[in-house]
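Please read the structure below before turning to the comments.
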Amino acid sequence: MHLGVRSLPWLCFSLRLCVFCSHSSSISGFAHIRGWRSLRRPGELTMAEKVTFDLSTLRHSAAHLMAAAVQELYPGTRFDIGPATADGFYYDFDTEHRFTPEDLETIEKKIRGMICQKLPFVRREFTRAEAESLLKSRAQTFKLERLADIPEGDAISFYQVGEFADLCRGPHVEHSGQVGAVKLLSIAGSYFRGKETNPMLQRIYGTAFATQKELDAYLAAIEEAKKRDHRKLGKELDLFSTSENVGPGLILWHPKGARIRYNIENFWRAEHYRNGYEMLFTPHVGKANLWQTSGHLEFYKDAMYAPMEIEGCDYYAKPMNCPFHIEVYQSRNRSYRELPLRWAELGTVYRFEKGGVLHGLLRVRGFTQDDAHIICTPEQIESEIAEVLRFSLYIWKCFGFPEIKAYLATRPEKAVGEPARWEQAQKSLVAALEKEGIPYEVDEGGGAFYGPKIDLKIKDAIGREWQTSTIQFDFNLPERFDMTYVAADGLKHRPYMVHRALLGSLERFFGVLTEHYAGAFPVWLAPEQIRVLPVKEEFIAYADQVAAELRSDDVRVDVDRDPGTIGPKISRARRDRVPYMLVVGGREAESGTVAVRSRSDGELGAMPLADFKARLAADIREKK
RNA sequence: GCCAAUGUAGCUCAGCUGGUAGAGCAACGGUUUCGUAAACCGUAGGUCACCGGUUCAAAUCCGGUCAUUGGCUCCA
């Protein structure tokens, strides 16, 4: 009994099934019997086996197989949905049983069994009433809600594989053998329909590929990503930490991490000055009335650190820098002749993020924004945006991210500012994107309530995308703070204001950078650029001499003073991802040379120290 | 915040069904004097996240708290 239709636990409620069964045995190819549309029978699939399916179809089918396995192993489970995702699939279940990692293996085994059996995926259409009574009889409450979502007039279809039939639009592979290779990856909780007030379901994530080889490659990629995990590398390379005594989501930068950050910041500052920005410094806290005016207390109070009362006045740790920048603007009258103003600050802000969302450096409670505000006239806005885009691309190139994607986020339903201004702002964003020749996608309704924005995503060394830069129009704050400038007509006008962050948060960016370089920071950023390794204890003196000379050129250099052999020294330097090792012994001491070993190119042989310095200078200049 | 898992030496981890902790690396001391991916010997290091309970006895069982991890929700 290949189809298992007769023993259907919850589909078999109509005589039609019997009709189908008797016919299907004699029909090859597609069969249409009162709504049933069968696919080929398993024995006749020789041709179909060569058919390749869209990966997301295959994964969606894999999700059904997983659900089928779960239904069999844990009877009484209620099902929600099981779609394909970017790298795999999941299915949401509601069951008394709490899934454990061991269960994943059991379920996986069952799935493999079904794959071997080449069970067909069978589609059947129902009327709404039939579907409803079917789902009701099985107490599939979540499915009933999903059914109600299907618009009147749309087809209501079920797909069955093995013993499991699921309300589902499809499409699916023809039979389970085509699912290929499946791996279940993790268990997680997830709210029904993603709403916090709804019950929490158990979600199992997995992935599937047409072949085991592709699956293995994917799993290897996961392993590679794990090796690059900034939390692991941060510990291993002694870059940063958090402490229970300090508080979750608050980062302690260790000397080596701080060195890298300092290099990033210095570069950032120099480039900003070169590109017409000025720097501001503003306080970490401000009075409640400031946040009242800005609207933060109204919109984001829950996400702000609780106030501290000083002299009968509430002060809040800043969740944003903008109100302070606006206060600088408001410190005197402004003329159109001053505009545009481009004010930047590496401002550390504090946001009370919910405990469960914190993640290494990528999601924290205290972070430093590379924030800037551009205050300009409406006429200047387009060229200012274009300039920010050009500047961003340049910065990303310097940090080794040549591939950038842009997203234009437009007016959401709840928004401030007249639609005409939104229209105009969005138009200038598009014009700027086109002027810089940056391909972009439109994120309809994805803008902030106060204005449209462009988000940039960068692609790292192993192809992952990270959202970092954001360029946001703001119709809200200039109004709220009643910002004005005196124009040529002698009248007060409202300036345009743009928030923009390139690196985003320095903490987050540092995490991304660590993963991008797998901890092997390029010479210009590396906390320790050079390590001098004497081959014998007696050459430590010469090593010190070499180090001193490099240090006088502001090179970040250390000497491995361990009295041991050269092997372990090289091993340690490699472990610490030092870009250059200089091995020195009797030969080098005599000739005033260094034997250079590069992290990326291995042994380069002995060369005069001056030659090495030239090479190093070139690396730094080229940001290698 | 919600669901689940985890928390043992600086790091990576072992420690079964309860009988008051162990390895490797790192650190420190010594031996070795050595030329490109880890020499040898030794020493020290732990209120087993924290608090409470059960028990003659708790790293181990139970409850709570905190932190971390995988997700969900959120992300100005």
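Small disclaimer: the values here were computed from a predicted structure and weren't measured. Below, all heavy atoms of this structure are taken into account, side chains as well, without hydrogens, waters or symmetry copies. Chain letters run A, B, ... following the sequence lines, proteins first, then strands; residues in each count from 1.
Summarising the geometry, the separation between CG on D560(A) and P on U33(B) is reported as 19 Å, rounded to the nearest angstrom. We find that CE of M304(A) is positioned 16 Å from P of C75(B), with the value rounded to whole Å.
Note on G355(A): a base of the nucleic acid sits closer than 4.0 angstrom, heavy atoms only. In this structure, S190(A) reaches the sugar-phosphate backbone alone: every heavy-atom distance under 4.0 Å involves primed, P, OP1 or OP2 atoms, never a base. Counting non-hydrogen atoms under 4.0 angstrom, G586(A) reaches a base of the nucleic acid. Nucleic acid contact class of P101(A) (heavy atoms, under 4.0 Å, all strands): none. At a threshold of 4.0 angstrom between heavy atoms, the contacts of A573(A) with the nucleic acid are absent. Within 4.0 Å (heavy atoms only), Y450(A) reaches sugar-phosphate atoms of the nucleic acid but no base atom. At the heavy-atom level, R203(A) lies under 4.0 Å from the strands shown only through sugar-phosphate atoms. Residue I570(A) is classed as a base contact, given a heavy-atom separation below 4.0 Å to a base. Residue contacts for Q472(A): at a heavy-atom cut-off of 4.0 Å it reaches the sugar-phosphate backbone alone, with no base atom in range. If you check every strand for non-hydrogen atoms under 4.0 Å, G356(A) touches a base.
A cation-pi arrangement is not found for K287(A) relative to Y316(A), the charged atom failing to lie both closer than 6.0 Å to the ring centre and inside a 45° cone about the ring normal.
Under 4.0 Å is where a charged nitrogen must lie from a carboxylate oxygen, and between R411(A) and E444(A) no such pair does. Salt-bridge check for E538(A) with K536(A): passed, with a basic side-chain N closer than 4.0 Å to an acidic carboxylate O. Classification of E224(A) and R228(A) as a salt-bridged pair holds, one side-chain N sitting under 4.0 Å from a carboxylate O.
Atom P of U68(B) sits at a distance of 15 Å from the matching atom of U12(B), rounded to the whole Å. G29(B) and A44(B) have their C1' atoms separated by 10 Å, given to the nearest Å.
Considering only side-chain atoms of E537(A), the nucleotide from G35(B), A76(B), U33(B) that sits closest is U33(B).
The phosphate of U69(B) has OP1 or OP2 within less than 4.0 Å of a side-chain N or O from R231(A). For the pair Y205(A) and C72(B), the criterion of a side-chain N or O lying under 4.0 Å from OP1 or OP2 is met. For the pair K235(A) and U12(B), the criterion of a side-chain N or O lying under 4.0 Å from OP1 or OP2 is met. Between H359(A) and U68(B) there is no side-chain polar atom (N or O) within less than 4.0 angstrom of OP1 or OP2.
Take R572(A) and apply the side-chain contact (heavy atoms from CB on, under 4.5 Å) test, not counting sequence neighbours, and it matches R531(A), D560(A), D562(A), P568(A), K569(A), R575(A).
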